[in-house]
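Sequence positions, counted from 1, serve as the residue numbers for this chain. The figures that follow rest on heavy atoms only: side chains count, while hydrogens, waters and symmetry mates do not.
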Amino acid sequence: MKKFTLFASVCLMATLNANATEWFCSPAGAGDESGDSWTNAFPAESIADVIENVEPGDIVYLLEGTYTGTQIRPVVGISVIGGFPATATDTDTSGYNPWVNKTIFNAQGKNGTGPFIKVSGGDNPSYEPTTFKGITITGAVGQQTTTYSGTAFNCTRAKVLMEDVVFDSNTSWCGGVVVPASGSKFHAKHCVWTNNKNINTDVSKNNWFQCILNGRGSETEVTDIVLEGCVMVNNTIESPEAKAAACYGGGMSMQDKGATLAMVNCFVDGGGLTIKQNGGFLRCANATASSNYITNFFAFNTLCNFKTTASECKGNLISFNGYAPFYIQGNLMITDTKATSNDDKANNAIFVQGWNSKDMSDILSGGDNSITGSIFSTYAANNCTVRTQQSTDNWLAPTMSEVFGSNKITEKDGRYFLEPVAAYGDVNLADALENYQSYEMPENFRWANVDLSVDLFGNKRATTTYRGAYDPNANPASSGITSVYTTESSQIIITSKGNGNFTVKGTEGMATVYDMSGRIVKTQRIDDGILSITDIASGIYIVRLGDTSVKIAR
């Protein structure tokens, strides 16, 4: 009854008003349950009742509490935003805090053989972004299947934007709990993976054991994955036999020729997870030189506490298999075993397989990386070759205790970090940004607008900053850049400076601001490059600039 009531309401609204609709929902409902405000919240204990029956462009706001479902298939192009307190009234969305006001999607182990949540763009996707924000996804259980479908979340031929989303206590069987696939664009910002595990016990299938994420695609449908300011802790492979057999990434894997990865400002701790070979945490691959030769991108990440047991050249943290060039800058990539010499073939954080010594020059370094051991390559007959250190490499080959001292993993605002000792706060931010800008992020990632000037929490890095994800001297986010909004072509960029103030690049003239019902709430000339909406309420708005519209959040 709930589903059909909402569906009828949506159809009526679409007839009367072509603009997007805002829906306010809670597990139990309130008032007349029409969904037009928190006071009249639509009852949505089963979350599928809502997000499968709204219209593209609609926004669904969710009160804190638990929402259940089995297999959820959201409408493409909607925004689903949780994290609002039970005390919220009318249409006030100023109380957003997902780390306190938990909005939980719980599969209760009933997702069957498919993913709990799947976003599908269909055969002719328009790539209108589908947004999830402020939600915890839990209780999805993997089944004994050979399909890399993703236990908790899957997107296929879709553009998905996630922010402040937590994947907690899900279990995968084949692949990870999250699988972006088939030409998708997947951007996770300030998201957390914790307490997830792989429960596969079929040790004959040694590439099925990822516990976090699996990127899937093909040469004709390459999937681009961006992880920005994300945290991954306490995730594991459950079976000891599976750990002993696991290859190709204990945490994440990118499919041959089919998936690319950008990681920026992320903190990843394996908790000592040990697999057999080919990337204790991650495996990236492009199978042949003739395949999509797209650079993977890593900047200001902290990756630690993974290991492989193979005796030579297998990458305790990352394995770049085949022709998979990569750019690295400002990272801490630290394992618990320091190389005993420059030609120590076993203790290396990064392993490059399938390249000869000439191909090794395709490793692009912006400098300021601290990496345990040396980078090794093998081309044939397991012939390991050390990559000669270059002036921009700055491999310090440290151990965990040298980098972090007695510091322990700390939780803050629902996320985790590990603070390096002062010796690793030696990076000149201006030089680091200049290196990055001269390199330029690959075209396939540029749509995500990642920001290297901030740390894991989105705080502005200090003038002299730290290697890795966390800068203890960073300035609060309210004094620096917090969010960047852009058109698909990136010709117009609106950057939030906090408190309702924005800078505008790429256009001049008159800006018209609409609320989500299509009502004009403000017009302002922006010849000086400044847009201020401090005088209107918090919420989601559309800014019209000439022939272009950009969605922003106040």
Side-chain angles (χ1 to χ4, degrees), residues 142 146 148 150-151 170-179 193-216 227 232-256 259 261 263 266-285 296 298 301-322 324 333-339 344-354 371-373 375-376 378 382 384 400:
T146 60
Y148 290 88
T151 301
N170 300 284
T171 59
S172 63
W173 177 270
C174 182
V177 298
V178 174
V179 174
W193 280 257
T194 185
N195 302 316
N196 301 289
K197 58 186 177 182
N198 185 290
I199 59 172
N200 194 348
T201 56
D202 185 355
V203 296
S204 66
K205 311 297 184 182
N206 59 14
N207 61 340
W208 289 4
F209 297 107
Q210 291 77 35
C211 55
I212 299 172
L213 182 147
N214 201 294
R216 311 296 298 172
L227 304 176
M232 302 171 185
V233 298
N234 299 324
N235 303 288
T236 191
I237 300 169
E238 187 173 63
S239 163
E241 292 80 12
K243 291 178 184 178
C247 303
Y248 310 127
M252 304 198 316
S253 181
M254 302 295 113
Q255 183 183 10
D256 293 355
L261 176 65
M263 288 187 69
C266 293
F267 172 63
V268 182
D269 182 277
L273 175 60
T274 302
I275 69 169
K276 181 180 179 181
Q277 61 185 4
N278 296 98
F281 165 58
L282 166 69
R283 184 250 199 177
C284 290
N296 296 277
F298 300 83
N301 301 292
T302 299
L303 311 178
C304 55
N305 276 326
F306 292 84
K307 188 173 178 60
T308 58
T309 58
S311 60
E312 292 190 353
C313 299
K314 294 304 179 183
N316 287 327
L317 292 176
I318 305 177
S319 173
F320 292 99
N321 295 53
M333 297 180 173
I334 312 300
T335 65
D336 62 354
T337 306
K338 187 173 181 177
D344 186 336
K345 298 177 181 180
N347 296 308
N348 47 84
I350 297 177
F351 165 57
V352 185
Q353 181 183 24
I371 300 178
T372 302
I375 292 181
F376 282 90
T378 178
N382 204 32
C384 296
M400 288 288 294

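Side chain of Asn301 to main chain of Met263: a donor-acceptor pair is present (N/O by atom type, distance under 3.5 Å, no hydrogens or angles). The backbone N or O of Ala349 sits nowhere less than 3.5 Å from a side-chain atom of Thr335 that would complete a donor-acceptor pair. The main-chain N or O of Val177 is never found under 3.5 Å from a side-chain atom of Asn196 such that the two would form a donor-acceptor pair.
Using a 4.5 Å heavy-atom threshold, the side chains of Phe298 and Leu282 count as touching. Side chains of Arg283 and Asn207 form no contact here, defined as non-hydrogen atoms less than 4.5 Å apart. Side-chain contact between Tyr148 and Gln255 is absent, with no heavy-atom pair separated by less than 4.5 Å. Two residues are said to be in side-chain contact when any heavy atoms from C-beta on lie closer than 4.5 Å; Leu213 and Met254 meet this criterion. Within the 4.5 Å cutoff, side-chain heavy atoms of Leu227 are placed close to those of Leu261. Here the side chains of Lys243 and Thr236 are in contact, with some heavy-atom distance below 4.5 Å.
For the atom pair Ile212 CD1 and Thr194 OG1, the distance stands at 9.5 Å (nearest 0.5 Å). Here the straight-line distance linking atom CG of Asn235 with atom CE of Met252 works out to 11.0 Å at 0.5 Å rounding. Atoms CG and CD1, from Asn316 and Ile371 in turn, are 12.5 Å apart once rounded to the nearest 0.5 Å.
Pairing each heavy atom of Ser319 with each of Gly279, the nearest pair is CB-N, 3.5 Å. Of all heavy-atom pairs spanning Trp173 and Thr151, the tightest one is N-OG1, 4.1 Å. For the residue pair Ala246 and Ile237, the shortest heavy atom distance occurs at CB-CD1, 4.1 Å. Closest approach of Phe209 and Lys205 over heavy atoms only: CE1-O, 3.0 Å. Counting all heavy atoms, side chain and backbone alike, Gly280 lies closest to Thr308 at N-CG2, 3.6 Å. Gly251 and Gln210 make their closest contact through O-CB, 3.6 Å (heavy atoms, listed as atom of the first residue, atom of the second, distance).
By the side chain to side chain donor-acceptor pair (under 3.5 Å) test, Ser172 is found to be paired with Asn198, residues two or more places apart in sequence or in another chain being considered. For Glu238, the salt bridge (charged side-chain N to carboxylate O under 4.0 Å, His left out) partners two or more places apart in sequence, or in a different chain, are Lys197.
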Acceptor/donor pairs from residues 268-276 side chains to any protein atom, 3.5 angstrom cut, sequence neighbours excluded:
from: Asp269; atom 1: OD1; to: Gly271; atom 2: N; distance (Å): 2.8
from: Asp269; atom 1: OD2; to: Asn305; atom 2: ND2; distance (Å): 2.7
from: Thr274; atom 1: OG1; to: Gly272; atom 2: O; distance (Å): 3.0

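Using cut-offs of 30° and 60° on the angle between ring planes, the pair Phe306 and Phe281 is tilted.
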Is there a side chain to side chain contact (heavy atoms under 4.5 Å, CB included) between Phe351 and Asn278? Walk through the geometry before answering. CA-CA 8 Å; Phe351 165 57; Asn278 296 98; 4.2 Å; yes

